[in-house]
Amino acid sequence: MNKYIPPDGWSTHSRDLNYIRTNIPCQWACPAFTNIPGYIEAVFHGDFDRAYLINRRSNLFPGVLGRICTRPCESACRHGESDLGQPVSICHIKRIAADNTSDDHLILEQLFSPSGKTVGIVGAGPAGLAAAHSLALFGHRVTVYESFEMPGGMLYYGIPAFRLPRAVISEEVFNALRQGIELRTGVTLGKDIYLPDLMAKHDAVILAAGCQDARSLNVPGEDLPGVISGLDFMMQVNRGHRDCVGRRVMVIGGGFTAVDCSRSARRLGAEEVYIAIRGVEEDLTVPVDEIRDMYREGIRFVSLVSALSIDGVDHVSGIRFVRNRFGGIRGSGGRCILPIEGSEFSMDIDTVIAAIGQVPQSGLSEWSEQSVSYNPDSGRSSVPGLYGAGDYIRKASTVIEAIGNGRRVAENVDEDLMRRRRRLQVVSIESTGNTHRERTWDFIERHDMPTIDFDDRLRNQDAEVETGYSIQTGTEAASRCYLCNLKYEIHIPECIYCRWCIDVCPRNCIDLTETLNEDLPAPVHSGSVTAQWSRTAGVVIDSDRCIRCGECYRVCPMQCIHVTRVELQDHCVSREIP
Amino acid sequence: MKPPHIVIIGNGVSANRASEVLRENDPDVRITLISREFFLFYFRHKLPAFITGSIDEDSLIVHDLHFYMDRNIRLRLGQTVQKIDLENKTLFLSHMEMVHYDKLLICSGGQSHIPEIYYPFRSFFTTLKKLSDARDIRKKLPLINRIVIVGGDLTSLRLADALIRSGREVSFILDDFAFWPIESGPDIRHALETALKKVGATVISGDPLERIERISDGDPPEYAVYTRKGQQLRAQMVGAFFGFKPDVDFLIRSGLDIDRGILVDDRLQTTYPDVFAAGDCAQVYAPHLNNYWVSIGWKNAIMLGEIAAANMSGSEQPVSMPVEQRIRFSDLQLKTPWWHAL
């Protein structure tokens with residue numbers, strides 16, 4: 001049997017892990033390594049419970065992330081390559097699974113037996129909760145200390161309800177805490193509790209306090225009434241402490257917070273809302289749907305500008321900008337943004353919201369920030385037993401990054417506490433004997449997310465704007481997925497070199513090759529494509545270009561094209577790995 | 001040694017004028033025009049007349065093939081540039097061909113703009129930018145009697161006039177986005193409304209589009225168009241005419257600086273020294289406006305094409321602001337600078 005066609009089973013071989021990295025771009029782009037093709041296929045088959053479970057194994061909050069994820073997976077999706085159309089609407093499909101789970105669906109967890117160890121976690125945001133959940137599964141007793149009155153962190157206080165309904169947060173946070181995690185809210189580190197006490201009480205302590213100090217604009221007039229940081233503004237809105245804003249609002253910044261502030265300001269009655277960005281729209285980290293919604297709500301971008309000063313006597317009355325231009329590429333790889341001399345101009349506005357990012361809160365612990373250093377990937381610190389997770393050690397990032405980091409830090413904490421690795425990522429390999437796809441599905445257009453009318457958005461400020469795919473639309477959207485976790489390989493000893501597969505391949509990804517490189521994740525050619533029969537060693541499929549359309553499989557007269565499902569999965573080490 | 005290869009993306013006004021100037025400046029340089037469209041360079045403003053059958057396709061053509069043969073300009077029609085590798089000066093075409101260039105001029109022009117608020121209805125809209133759009137409309141027209149036009153740019157005014165002359169019933173829904181590229185105020189709005197009514201259009205003003213429903217799938221399909229104040233119109237075709245925006249989607253993430261259009265300096269050069277942009281796709285900073293602008297219209301495109309070609313040949317010509325021109329619709333005359341401040 002050809003050695004490239006592995007039997008069903010598990011693998012920790014770097015070759016197979018490398019296959020996932022290079023051939024399932026969505027999963028590898030996800031900071032939590034979510035098995036995206038796996039849950040999309042489950043949605044396609046209408047098995048929303050299973051889709052939700054697959055998702056939740058990596059990503060603790062599928063319903064939340066199905067609404068507010070930054071979607072790095074979609075940017076990496078093979079369907080979005082320039083000649084293949086638009087990426088699969090992965091995030092919307094994730095949401096349909098979360099919205100349509102059956103009433104009696106089971107949440108299955110892989111529970112280790114109690115370890116007798118205790119872990120304290122400061123912060124009940126996405127990173128803290130993800131770490132807490134993982135550690136609870138590992139059998140440790142976990143206590144989460146949260147300074148706010150509600151768990152959820154920025155999910156609850158930073159993101160507006162019209163994007164993320166509170167009921168969705170509550171349900172998924174509740175499910176995360178159900179493994180016996182003790183939650184203590186209204187407890188502030190450095191005020192109600194102190195780090196040395198926590199270190200003494202617990203076997204390990206994780207600081208996951210997020211980034212709660214707003215960055216300063218550093219321009220004259222920043223202290224005027226009418227100027228507020230984006231985070232403070234959103235917290236006031238989300239806690240119900242703010243019911244009005246100015247008439248002409250300028251939001252400065254190009255991230256999600258800026259967008260949330262602008263849309264919230266519109267709902268609070270602002271007539272004109274602008275977002276000022278130093279660069280251009282292309283630089284924004286916000287998905288295009290969100291930008292389109294902003295435009296629909298009448299919010300306008302002022303691109304290529306930097307704030308020089310905020311004007312006013314007793315209150316903000318205007319803002320002065322200078323126009324920018326790009327000045328080539330900086331050494332670090334980013335684009336250089338330079339002011340255009342003499343291009344200063346002013347705009348009349350009465351509110352400025354500075355949403356240019358957050359930094360970790362200083363003075364949380366008795367130790368100065370300089371005296372403790374953290375490894376941003378492992379979460380380990382220079383102090384034994386002390387760890388950091390999420391934005392607190394990685395600067396402001398996204399919810400999915402925080403969740404992914406929280407889980408990884410929890411695994412490291414467990415490894416340190418138990419002195420061995422108890423959960424590993426392995427590659428499962430399973431023959432499918434089927435392509436699971438039809439070629440016609442490749443031509444289905446991406447579906448827009450349905451939204452409520454503009455008037456309804458203003459009438460009910462908390463009304464969720466995106467209403468979610470219908471089941472029919474979701475199923476159709478799921479059928480667009482190429483299922484890149486399916487690996488197509490030609491069993492060369494059986495191949496008769498008829499080249500029918502090459503003829504029907506729509507993407508020229510099957511080649512005659514002179515050499516076969518057995519060390520690569522799949523028998524891909526490495527610069528040895530040939531057109532000469534006398535030099536042909538085999539016919540190979542370039543998995544990186546392959547769109548898993550199944551045309552080659554269907555046409556092969558020898559049935560020598562094999563399809564296997566290759567998936568990255570968490571595996572408890574106590575179970576045998578062949 | 002082979003003479004340098006200049007590739008121009010586009011086959012519109014700027015591209016053709018630039019190719020002409022480049023050839024005048026250097027008889028040896030290799031010039032290639034690559035266009036997504038299958039047609040020779042044509043007059044866009046005559047498309048409404050072509051749609052209603054007043055003129056035939058040949059009358060649209062600006063330059064026939066001899067123009068290019070005489071000037072030794074290679075014309076590649078129906079070929080789409082999918083990707084640009086700026087570091088290696090290579091274009092990737094959709095049919096998997098790679099084309100090397102020494103200098104590149106991007107004249108990809110504009111594309112129909114649909115405001116985001118109307119984006120959910122985009123599949124119902126008919127737009128008119130290219131000859132292929134015009135051919136489609138002309139083919140369907142014998143079965144179409146009632147047309148609703150949403151927006152109201154200059155193209156739509158010309159089209160409405162032509163359609164009404166050919167006996168069709170045209171309703172206009174004018175809203176805040178109307179009259180592009182003319183800076184509209186209440187006076188101009190009223191004057192245009194009067195002019196439209198005079199040519200025979202039904203005009204709905206101050207009552208914007210709310211939604212569109214497809215009510216029958218026949219040939220032609222039937223649409224119900226609803227306004228915010230509850231008016232309902234029936235149509236067999238719904239045209240969206242909100243002006244044009246730079247056609248630069250294929251350049252996103254290419255490494256070129258893109259805002260609304262391709263950001264170029266006053267020499268029409270991008271941040272890459274051998275890459276220039278001209279015409280409707282170029283975004284230029286104008287010091288006396290203290291703003292960036294994107295130009296539109298034939299005369300501006302000629303001017304920008306000439307300047308880009310001169311600068312690609314070694315000159316240092318700065319771009320100047322276009323002068324104000326007049327446009328005429330019915331017996332109404334309006335001034336427009338044919339540029340659009342951002």
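Chain letters run A, B, ... following the sequence lines, proteins first and then strands; every chain starts at 1. Fair warning: this is a prediction, and the values are worked out from it, not measured in the lab. Side-chain atoms are counted along with the backbone in the values below, which use heavy atoms only and exclude waters and symmetry mates.
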Check your understanding: Taking B/Lys83, B/Glu210, B/Arg211, B/Gln82 one by one, which has the highest count of heavy-atom pairs under 4.5 Å against chain A?
Key -> B/Gln82
Exercise for review: Please state whether the side chain, the backbone, both or neither of A/Ile291 comes within less than 4.5 Å of a heavy atom of chain B.
Suggested key: neither
Study note, to complete from the structure: Residues B/Thr271 and A/Phe326: closest non-hydrogen pair is CG2-O, 4.2 Å
Review point. Hey, is the main chain of B/Glu116 close enough, under 3.5 Å, to the side chain of A/Arg292 for a donor-acceptor pair?
Key: no
Review point. When rounded to the nearest 0.5 angstrom, what distance separates CD1 in B/Ile117 from CZ in A/Phe454?
Key: 6.5 Å
Check your understanding: Quick check: are there more than 12 heavy atoms from other residues, nucleotides or ligands sitting under 6.0 Å from CD of A/Gln472?
Key -> no
Exercise for review: Could you look at B/Arg228 and say if it's the side chain, the backbone, both or neither that has a heavy atom under 4.5 Å from chain A?
Suggested key: side chain
**Study point:** Most contacts with chain B, counted as non-hydrogen pairs under 4.5 angstrom, among A/Glu344, A/Arg296, A/Glu445, A/Glu297
**Key:** A/Arg296
Check your understanding: Quick one: CG on A/Asp293 to OH on B/Tyr119, what's the gap to the nearest 0.5 Å?
Key -> 12.5 Å
Review point. Using non-hydrogen atoms only, which part of B/Leu256 is less than 4.5 Å away from chain A: side chain, backbone, both, or neither?
Key: backbone
Check your understanding: Which pair of heavy atoms, one from A/Arg323 and one from B/Tyr285, lies closest together, and at what distance?
Key -> CD-CE1, 3.7 Å
Practice item. Would you check if there is a donor-acceptor pair between the side chains of B/Ser94 and A/Asp83 at a distance under 3.5 Å? Key: no
**Study point:** Contact origin within A/Asn508 toward chain B - heavy atom pairs under 4.5 Å
**Key:** side chain
Exercise for review: Answer with side chain, backbone, both or neither: which region of B/Ile258 has an atom nearer than 4.5 Å to a non-hydrogen atom of chain A?
Suggested key: both
**Study point:** Over 12 foreign heavy atoms within 6.0 Å of CZ, B/Arg36
**Key:** no
Exercise for review: Answer yes or no: is there a donor N or O on one side and an acceptor on the other, between the side chain of B/Asn290 and the main chain of A/Ser343, under 3.5 Å?
Suggested key: yes
Check your understanding: Would a 4.5 Å heavy-atom cut-off, applied to side chains only, mark A/Phe345 and B/Asn291 as touching?
Key -> no
Point to revise | Per-residue contact mode, A/Asp455 against chain B (heavy atom under 4.5 angstrom) | key: side chain
Review point. Under 6.0 Å from the CD atom of B/Glu97, do we count more than 12 heavy atoms belonging to anything else shown?
Key: yes
Practice item. Could you walk me through whether A/Val280 and B/Asp257 pass side-chain contact (heavy atoms from CB on, under 4.5 Å), step by step? Key: CA-CA 9 Å; A/Val280 293; B/Asp257 294 329; over 6 Å; no
